Structures are given as structure tokens and as C-alpha cells.
Amino acid sequence: MIAGVLIVVGIAGIVLPVLPGLILVLAGIAVWAVPRGDVVGWTVLGLAVAIVVAGSVAKYLLPGRRLRDSGVPGRTIVAGGVLGVVGFFVIPVVGLFVGFVLGVYLAERARLREHAQAWPSTRGALAAVGWSIVIELLTGLLATGVWIGGLVLG
């Protein structure tokens, strides 16, 4: 019961980034797997950890590569990251994403001097944020699917 609640809250935390979603999903799976102490429990936990690690790496590498490939300079991405961190503390729930996109726009506006030229980079940042959320959600759902498979087998 507790495991399922942690997993559901973790999935919700991915969609509404208030909570560390993937960590909660893993915690829920661990709460189920560790007390079992059998092959099914440990296998499910090991697979879930591997999925979450791979998904977490992909979540940061793939959107960042798309931004760089679209011509957004590294310092613009850093500006977006800094304002994203500030936004996280200023605007609950969505501040990280709002701050990141705003940071990219302001940095590109300062660099290129015109809205029309800064906007494509900002659209790229929005797409990167979207892909990041999608990758994290798919990762959480895949780990949850492994857990459900363990429930069925166990």
C-alpha cells in the first residue's frame, strides 16, 4: 500500500515538479522490494534503478544536445539554468521551467538585440523542457511497469 502511494505521488511529482518524482518512484519500489528479500523483489529493484539512472542521464543529455544543435550558445543555456534555479524558489511548482525559458529568452535577446531573432532560441528551450518532462515521465512509467510486473509474478 505505502509502495503504491509513493509511486503514484512520484509520478505526479514528475508532471507537477514539486517533488522529486523519480526518487519517490524508486523509494516506493524499494519499500516493496527490500522487505520481500527474494529474487523477484531484488530483480525488480535492480531493473528499476537501472531504468531510472539511464532515464536521468537521457533527460539531461538529449534536450541539451538539441539546444546546442539548434545554435543556442552554452552561456545562454547557463543563463537559463541560473534563472531556472531562481524561478524554482520564486514560483512554486513551475518556477524552474518558467525561469529557464525566461533566462534563455533574456540572454538571447541581449545577444541578438531583437525579439524576432531571440524567439527561435526560446522555442528551442521550450521544446527542450518539454522533452525533459516527457523523458522523465516515460522513465517513471517504465520503472512502475517493472514493479507491476513484479507484483504479477510475485
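On a predicted model such as this, the values are computed, not experimentally measured, just so you know. Values below: every heavy atom of this structure, side chains too, minus hydrogens, waters and symmetry copies.
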Of all the heavy-atom pairs spanning [X] and [Y], show the shortest one and how long it is.
X: Ile29; Y: Ala48; result: CD1-CB, 3.7 Å
X: Ala33; Y: Gly41; result: CB-O, 3.2 Å
X: Pro63; Y: Ala128; result: CB-O, 3.5 Å

Side-chain donor/acceptor of Ser56 to backbone N/O of Val52, under 3.5 Å
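Here the side-chain-to-backbone pair exists.
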Let me check something: do [X] and [Y] share a hydrophobic cluster, defined by ILVMFWY side-chain heavy atoms less than 4.5 Å apart, either directly or through other members?
X: Val39; Y: Val49; result: no
X: Val34; Y: Leu47; result: yes
X: Leu26; Y: Val53; result: yes
X: Ile51; Y: Val40; result: yes
X: Ile2; Y: Leu24; result: yes

Test side-chain contact (heavy atoms from CB on, under 4.5 Å) on Ile133 and Val15 and set out the steps.
CA-CA 7 Å; Ile133 292 170; Val15 176; 5.9 Å; no
Heavy-atom count check: over 12 atoms from other residues, nucleotides or ligands less than 6.0 Å from Ile23 CD1?
no
So side-chain hydrogen bond (donor to acceptor under 3.5 Å, both in side chains) across residues 28-48, not counting sequence neighbours, yields Arg36-Asp38
Compare all side-chain heavy atoms of Val31 with those of Leu6 and state whether any distance is below 4.5 angstrom.
yes
Side-chain polar contacts of residues 136-154 - donor-acceptor pairs under 3.5 angstrom, sequence neighbours left out - could you list them?
residue	atom	partner	partner atom	Å
Glu136	OE1	Lys59	NZ	2.9
Thr139	OG1	Ile135	O	2.8
Thr144	OG1	Gly140	O	2.8

Could you pull out all donor-acceptor pairs under 3.5 Å where a side-chain atom in residues 97-115 meets a protein atom, sequence neighbours excluded?
residue	atom	partner	partner atom	Å
Tyr105	OH	Arg109	NH1	3.0
Tyr105	OH	His115	ND1	2.9
Glu108	OE1	Arg111	NH2	2.8
Glu108	OE1	Ser121	OG	2.8
Glu108	OE2	Thr76	OG1	2.7
Glu108	OE2	Arg111	NE	2.9
Glu108	OE2	Arg111	NH2	3.4
Arg113	NH1	Ala110	O	3.0

